[in-house]
Number of protein chains: 2
Amino acid sequence: MRYLVKSFKALSDETRLRILNILLERECCVCEVMQALDISQTRASRNLSALYDAGFLKLRKDGLWSIYSIDREGMKKYLPDLVEAVAKELEGNKLARQDRERLKKAERVGPGCVERIRNIAPAA
Amino acid sequence: MRYLVKSFKALSDETRLRILNILLERECCVCEVMQALDISQTRASRNLSALYDAGFLKLRKDGLWSIYSIDREGMKKYLPDLVEAVAKELEGNKLARQDRERLKKAERVGPGCVERIRNIAPAA
DNA sequence: GTTATAGATGCGGATTAACGCATATAAAGA
DNA sequence: TCTTTATATGCGTTAATCCGCATCTATAAC
């Protein structure tokens, strides 16, 4: 039961649902999540970790980058239709749509990627 | 999105999952929930309200009793298989099994039902 | 080795959640 | 009306959560 509680807890946060939303589009490194959601590095990293700990994300390292992606098997563990339900619910959401738009312009290339964003990202 | 967060939040608590578990067996008044989970009146009432506010329960009044039951439509709103998933996960859980056992002996009849339980229910 | 950089994390403060205690509310009966 | 009783709720305390700041870690290039 503890695992079930943990899973639901991971899903009961707006930031984390927004992260799932953009990861449904494509895999992302931390700095891309920062750009897409317009949030700080700490916040992106922490919430990605929470989703990872709950078994919803896969992590792949590529040089300095930590690249997270949806773990569809993990998301199906308790609820077979969880992926679709989240996607469907966020489809019509304004904030989620904005995130997806910003994601298109987000990129991990270019020096000082995080440093640049660090100053841009507001406290939110 | 706020509603989705609220729904997951309602599910991310052990007490509330235990309540769903026994309500899957049958409808219950507050004092039966107290007996089945061996918790205080405040705790039972508050967590039932939380599940009700999230749209997972139906409420029917019968005299002094507030009788809560699973709202299957409400539980299917976002996740069609939520009811089954919770039931299945709690099936093999020790605590959940104990609750179901105590539920069999729980009853709402008899004077001083709550008063009696008030003194029995530990802080937990 | 040194430096630069992406990401993780310890700490502290602010917000929120959970629960017990006491009390309020409301239905039923006398 | 007055009492009893099942449930709801305001308040205060404790614990958990979230996040920013600063710092640490680890990879990569030089």
Side-chain angles (χ1 to χ4, degrees), chain A residues 5-6 8-19 28-35 37-54 57 59-68 106-124, chain B residues 2 5-6 8-19 28-35 37-54 57 59-68 106-119 121-124:
Chain A
V5 170
K6 185 170 186 175
F8 285 130
K9 214 160 251 180
L11 295 168
S12 58
D13 179 273
E14 190 176 82
T15 304
R16 289 193 286 275
L17 288 184
R18 289 170 67 195
I19 289 177
C28 289
C29 67
V30 178
C31 75
E32 286 173 316
V33 172
M34 295 171 64
Q35 294 170 70
L37 305 205
D38 195 26
I39 57 175
S40 74
Q41 189 264 323
T42 304
R43 192 168 161 192
S45 176
R46 280 234 163 77
N47 283 295
L48 281 162
S49 291
L51 286 168
Y52 179 84
D53 290 343
L57 302 186
L59 171 56
R60 175 169 65 84
K61 295 272 190 176
D62 178 11
L64 284 176
W65 292 294
S66 292
I67 297 167
Y68 290 92
E107 47 186 357
R108 88 183 60 134
V109 282
C113 158
V114 171
E115 191 58 38
R116 236 186 310 118
I117 303 158
R118 239 188 249 269
N119 304 325
I120 294 170
Chain B
R2 205 165 304 147
V5 170
K6 185 170 186 176
F8 285 130
K9 211 159 253 177
L11 296 168
S12 58
D13 179 273
E14 190 177 83
T15 303
R16 289 193 286 275
L17 288 184
R18 288 170 67 194
I19 289 177
C28 289
C29 68
V30 179
C31 75
E32 286 173 316
V33 172
M34 293 171 65
Q35 295 169 69
L37 306 205
D38 195 26
I39 58 175
S40 74
Q41 189 265 324
T42 305
R43 193 168 162 191
S45 175
R46 279 234 163 77
N47 283 295
L48 281 163
S49 292
L51 286 168
Y52 178 83
D53 289 342
L57 302 185
L59 171 56
R60 175 169 66 84
K61 295 271 189 176
D62 178 10
L64 283 175
W65 291 294
S66 292
I67 296 168
Y68 290 91
E107 46 186 358
R108 87 184 61 134
V109 282
C113 158
V114 170
E115 192 56 40
R116 237 185 310 117
I117 303 159
R118 240 187 248 272
N119 304 325

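Remember, predicted model here, so these are calculated numbers, not experimental data. Throughout, a chain's letter reflects where its sequence line sits, starting with A, and its residues are numbered from 1. Keep in mind that the numbers below use all heavy atoms, side chains included, and drop hydrogens, waters and symmetry copies.
- Remark on DNA chain D: of its neighbouring residues A:D62 and A:D13, the 5'-side contact belongs to A:D13, judged by nearest-heavy-atom nucleotide.
- Nearest nucleotide to the B:K9 side chain, out of D:dT7, C:dG10, C:dA17: C:dA17.
- Taking every heavy atom of both residues into account, A:L17 and B:F8 meet most closely at CD2-CE1, 4.4 Å.
- Contact record, A:K6 with A:A54: O-CB, 4.4 Å, taken as the closest heavy-atom pair.
- For A:S12 and B:A44, each mapped to the nucleotide of DNA chain D holding its nearest heavy atom, the one lying further toward the 5' end belongs to B:A44.
- Under 3.5 Å, the side chain of A:Q41 and the base of C:dA6 form no donor-acceptor pair of N or O atoms.
- Each of A:R16, A:R18, A:E14 was compared with A:N47 under the side chain to side chain donor-acceptor pair (under 3.5 Å) criterion, and only A:R16 meets it.
- Taking 4.0 angstrom as the limit, B:T15 places a side-chain polar atom (N or O) nearer than this to OP1 or OP2 of C:dC19.
- Checked against D:dT7, C:dA6, D:dC21, the side chain of A:L64 finds its nearest nucleotide in C:dA6.
- Here the shortest heavy-atom pairing between B:V33 and B:A44 reads CG1-CB, 4.1 Å.
- Rounded to whole Å, atom C1' of D:dA8 lies 13 Å from atom CE of B:M34.
- B:E32 has its CD atom 12 Å from the P atom of D:dA6, to the nearest Å.
- B:Y68 comes within 4.0 angstrom of the backbone, heavy atoms only, and of no base.
- The side chain of A:S45 lies closest to C:dA8 when the candidates are D:dG20, D:dC18, C:dA8.
- For A:R46, no side-chain nitrogen or oxygen approaches OP1 or OP2 of D:dC19 to under 4.0 Å.
- Phosphate contact (OP1/OP2 of D:dC19, side-chain N/O of A:S40, threshold under 4.0 Å): absent.
- Picking from C:dT9, C:dA8, D:dT9 the nucleotide with the shortest atom distance to the side chain of A:T42 gives C:dT9.
- Comparing D:dA8, C:dT9, C:dA18 against the side chain of B:R16 picks out C:dA18 as the nearest.
- Nearest to the side chain of B:R43, among C:dG20, C:dA8, D:dA6, sits C:dG20.
- For the residue pair A:A10 and A:A50, the shortest heavy atom distance occurs at CB-O, 4.3 Å.
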